> 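One structure, pasted below without further comment.
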Amino acid sequence: MAALLEGTEIKVGIAQWWVARGNTRIVTLGLGSCVGIALWEAGTRTGGLAHIMLPESANFPDRNNPGKFADTAIPLTFQEMVKTGARAGAIVAKIAGGAQMFNFTGKNGMLNIGQRNVEATKQALERLKIKLLAEHTGGNLGRTMILDVATGQVTIRTLGHPLIYL
Amino acid sequence: MSVPRAGLVPFDEIVHLVGNEEDLVACVDTRVTGPAPACVLFILQGDSAYYLVDMLLGRQSGETTEMGEMERSTLTEVGNILTGSFLAAFAQMTQLKFIPEVPALALDMLGAVLTTALISSGYFSEQVLVIETTLFNEHDSISGHFFLVPQEGALKTILKAVGLSS
């Protein structure tokens, strides 16, 4: 999914990703245990944003949408950016999300899904040799993530706290 | 409580059954064991949550401005009681036994809370079966939603119990 739009705001839903260039903002709303991955290349001012919900594709059934998993969505977003002219070696990343929204007292392995999403995201970035510049992950906060494609700045919006700039 | 609606809903759209991604909500997540394991989510809009806390703690309307330990435990208890009656009604209809576990509360963005609850209860597909009931009291301006999200296999048991499957 790619667009070379000017002066717009693009909304990325759950298990989706988007690549854009120019005077554009890419937004994903309400990240909980999901992780938002913003990729950016300064030379061409190309940006990509992926909203993943699960860590590795190999561990889950129903693999028809690669946008769902950290290990498949990140390479796809990266490749799309390179395809549209971004220099692979200059692409950097900022990530947000991976929260634990509920405080369960039980012993369910899936409950730490936020942390697992963050770990899988970092591994996927490492495999592609993408430098992680900043992150706002973990805790128990819902987050909205906005990538300004013109500047590479990432803004995190939460409820009841001031804006955070990455 | 309204008559329940049931259907297969795409992940992104479940949020819009209740409101917008960044709306403040209180969500009580109760795991249910028995012949048809499921997860019950009780979601209250933020203003309804504050209103309920005022009412239950004997405060003036609008007096509660912070959700501390006491307020959160009040909301969890409300969710617990209402989920109990929801399950009792559902048990009568299906003649199945539903055993609720200890509930957990999250108070944050609707998108973050709802997707995290669904993912951690084992929903990895883009579509989720939900049985939705709304709780609405015009006089007290309280509105809430229940979602019963059956685990894989449990749906069949439920449909069979109500005579909708051979």
Side-chain angles (χ1 to χ4, degrees), chain A residues 11-16 27-36 51-57 59-69 96-117 139-146 156-161, chain B residues 9-16 18-33 37 39 41-43 46 49 65-67 69 72-73 76 79 100-128 151-152:
Chain A
K11 199 177 138 190
V12 176
I14 301 158
Q16 292 179 354
V27 181
T28 199
L29 302 171
L31 292 161
S33 63
C34 293
V35 173
H51 180 147
I52 62 104
M53 55 187 262
L54 292 168
E56 296 96 10
S57 52
N59 298 337
F60 296 94
D62 200 357
R63 261 170 266 162
N64 51 12
N65 179 5
K68 281 202 300 205
F69 307 99
Q100 186 166 2
M101 303 301 299
F102 291 87
N103 288 320
F104 275 102
T105 42
K107 58 233 174 261
N108 189 332
M110 280 311 290
L111 293 178
N112 236 339
I113 191 76
Q115 198 185 333
R116 285 171 57 198
N117 280 337
N140 57 0
L141 275 181
R143 297 166 171 98
T144 282
M145 187 180 193
I146 304 151
I156 309 292
R157 192 156 64 210
T158 59
L159 292 182
H161 302 273
Chain B
V9 186
F11 226 98
D12 266 336
E13 279 172 33
I14 296 179
V15 167
H16 295 128
V18 184
N20 294 313
E21 283 90 344
E22 292 186 294
D23 291 351
L24 172 69
V25 295
C27 175
V28 179
D29 181 336
T30 310
R31 302 300 153 93
V32 181
T33 58
C39 132
L41 304 176
F42 172 59
I43 301 177
T65 51
E66 291 270 331
M67 288 288 187
E69 201 59 45
R72 297 175 75 95
S73 110
T76 311
E101 293 183 358
V102 180
L105 173 82
L107 200 71
D108 211 302
M109 288 182 186
L110 171 62
V113 164
L114 191 51
T115 54
T116 303
L118 291 170
I119 293 166
S120 69
S121 67
Y123 272 84
F124 313 131
S125 304
E126 270 101 285
Q127 299 220 314
V128 178
Q151 278 183 16
E152 224 174 323

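Everything quoted here is computed from the prediction, not taken from an experiment. The chains referred to below are lettered A, B, ... by the order of the sequence lines, with proteins before strands, and numbering in each begins at 1.
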> Where on A:R157 is there a heavy atom nearer than 4.5 Å to chain B: the side chain, the backbone, both, or neither?
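Interface part for A:R157: both.
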> Examine whether an atom of A:I14 lies under 4.5 Å from a heavy atom of chain B, and if so say whether it belongs to the side chain, the backbone or both; otherwise answer neither.
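For A:I14, the contact with chain B is made by backbone and side chain together.
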> Closer than 3.5 angstrom, by distance alone: can the side chain of A:T28 be matched with the main-chain N or O of A:M145 as a donor-acceptor pair?
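Flag not set: sc A:T28 to bb A:M145 has no pair under 3.5 Å.
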> What distance do A:N140 atom CG and B:D108 atom CG have between them, rounded to the nearest 0.5 Å?
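Reported value, rounded in 0.5 Å steps: 7.5 Å.
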> Here's a test for you: under side-chain contact (heavy atoms from CB on, under 4.5 Å), which of B:V113, B:L41, B:L118 qualifies with B:D29?
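Of the listed options, the one satisfying the test is B:L41.
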> At a 4.5 Å cut-off on heavy atoms, which part of B:L24 comes close to chain A: side chain, backbone, both, or neither?
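Looking at B:L24, backbone and side chain both touch chain A.
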> The criterion is side chain to side chain contact (heavy atoms under 4.5 Å, CB included); which residues satisfy it with B:E101, sequence neighbours excluded?
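Partners of B:E101 by the side chain to side chain contact (heavy atoms under 4.5 Å, CB included) criterion, ordered by chain and then number, come out as B:R31, B:T33.
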